[in-house]
Amino acid sequence: MVGERKDPYRNFKFLLEADGIVQAGFSEITIPDTTSDVVEYREGNERNTVRKLPGLTKYGNITLKWGITDSMELYEKWRKPVEDGKVKEARKNVAIILMDEEGNAAARWEFEEAWPSKYDAPDLNAKGTDVAIETLEIAHEGMKRVKP
């Protein structure tokens with residue numbers, strides 16, 4: 001007997017949770033990759049091939065994009081402390097949650113010790129009609145996918 005059909009989740013309904021940050025609506029969130037370095041090793045009495053051992057694990061940065069409004073919360077409460085040398089104050093645990101079509105949490109990624117490493121103001125063009133987009137790049141020290 002065939003089991004219940006499970007369609008994959010769509011990628012257009014999501015939110016961000018961060019300690020003390022209220023703004024959670026973004027037009028785009030890039031969830032980073034995670035990679036482990038490969039360390040090649042061989043001892044002289046082994047066959048003529050190298051062993052491959054896991055080395056350091058590295059995590060890419062999160063990218064948040066949103067249409068600019070009069071809200072200054074992300075910049076003032078999260079990025080500005082980093083610019084002022086108060087990184088310890090800016091570090092937060094963050095979660096990105098993908099929602100299903102009914103609005104229930106379907107997938108969740110959690111990040112440790114996250115802090116904004118880069119802010120990019122929108123490009124402006126008097127002949128354009130696009131929404132002005134702000135971008136925040138978030139560095140972190142660990143990522144895991146967990147059940148919502």
Side-chain angles (χ1 to χ4, degrees), residues 1-41 50-148:
M1 171 143 191
V2 178
E4 180 182 337
R5 177 181 163 156
K6 289 191 176 187
D7 290 334
Y9 301 118
R10 310 280 174 102
N11 70 347
F12 60 82
K13 203 172 198 178
F14 50 86
L15 58 92
L16 176 106
E17 286 179 355
D19 302 332
I21 299 293
V22 176
Q23 181 175 340
F26 299 92
S27 58
E28 185 178 330
I29 296 178
T30 302
I31 299 173
D33 61 350
T34 174
T35 59
S36 296
D37 290 339
V38 176
V39 177
E40 294 185 349
Y41 177 77
V50 295
R51 287 193 245 167
K52 298 198 179 215
L53 308 171
L56 291 175
T57 299
K58 299 175 187 173
Y59 303 97
N61 290 342
I62 304 163
T63 304
L64 309 174
K65 294 184 179 186
W66 68 97
I68 190 170
T69 65
D70 63 351
S71 173
M72 296 283 293
E73 187 168 24
L74 283 173
Y75 183 79
E76 286 182 348
K77 289 187 179 177
W78 207 11
R79 176 62 186 153
K80 188 76 168 98
V82 174
E83 292 174 352
D84 294 341
K86 300 174 184 172
V87 178
K88 186 176 180 180
E89 223 177 87
R91 289 182 183 272
K92 299 185 180 306
N93 291 324
V94 172
I96 297 171
I97 301 143
L98 177 66
M99 312 300 272
D100 65 17
E101 292 186 25
E102 287 82 40
N104 302 310
R108 181 181 178 99
W109 294 266
E110 294 180 347
F111 304 87
E112 300 172 7
E113 300 293 323
W115 56 275
S117 61
K118 179 181 179 183
Y119 169 78
D120 189 13
D123 295 329
L124 306 175
N125 181 342
K127 294 187 272 182
T129 59
D130 293 339
V131 171
I133 300 292
E134 285 183 291
T135 304
L136 200 60
E137 194 168 310
I138 310 297
H140 61 94
E141 296 179 2
M143 169 182 142
K144 61 184 173 182
R145 181 167 177 204
V146 297
K147 289 253 184 204

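Since we're looking at a predicted model, the values are computed, not measured.
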Nearest heavy-atom neighbours spanning [X] and [Y]:
| X | Y | result |
| --- | --- | --- |
| I62 | P32 | CG1-CD, 3.8 Å |
| R145 | W109 | CD-NE1, 3.7 Å |
| G55 | V39 | CA-CG2, 3.7 Å |
| K65 | I133 | CB-CG2, 3.9 Å |
| E76 | K80 | O-CB, 3.6 Å |
| N11 | L98 | CA-CD1, 4.1 Å |

Please round to the nearest 0.5 Å and tell me the distance separating atom [atom1] of [X] and atom [atom2] of [Y].
| X | Y | atom1 | atom2 | value |
| --- | --- | --- | --- | --- |
| K13 | N104 | NZ | CG | 9.0 Å |
| T135 | I68 | OG1 | CD1 | 10.5 Å |
| F26 | E134 | CZ | CD | 10.0 Å |
| Y9 | M99 | OH | CE | 11.5 Å |

[X] side chain near [Y] side chain, heavy-atom distance below 4.5 Å:
| X | Y | answer |
| --- | --- | --- |
| I138 | W78 | yes |
| V82 | V87 | yes |
| L136 | R79 | yes |
| E141 | Y59 | no |

Practice task
Look at E73 together with K77 and state whether they make a salt bridge at an N to O cut-off of under 4.0 Å.
Solution key: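 Salt bridge flag = yes for K77 with E73.
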Exercise for the section: Considering only NZ, NE, NH1 and NH2 on the basic side and carboxylate oxygens on the acidic side, decide whether K52 and E40 come within less than 4.0 Å. Expected result: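 E40 and K52: salt-bridged.
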Problem - Backbone N/O of E102 and side chain of D100: donor-acceptor pair under 3.5 Å - result: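 Such a contact is found between D100 side chain and E102 backbone.
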Problem - For T57, all residues meeting side chain to side chain donor-acceptor pair (under 3.5 Å), sequence neighbours excluded - result: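 Residues passing side chain to side chain donor-acceptor pair (under 3.5 Å) with T57: S36.
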Would you mind writing out the side-chain donor-acceptor pairs for residues 110-118 within the sub-3.5 Å range, not counting sequence neighbours?
unit_1	atom_1	unit_2	atom_2	d
E110	OE2	R108	NE	2.8
S117	OG	E137	O	3.4

Problem - Partners meeting side chain to side chain contact (heavy atoms under 4.5 Å, CB included) with D19 (sequence neighbours left out) - result: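 With sequence neighbours excluded, D19 shows a side chain to side chain contact (heavy atoms under 4.5 Å, CB included) to K92, N93, given in chain and number order.
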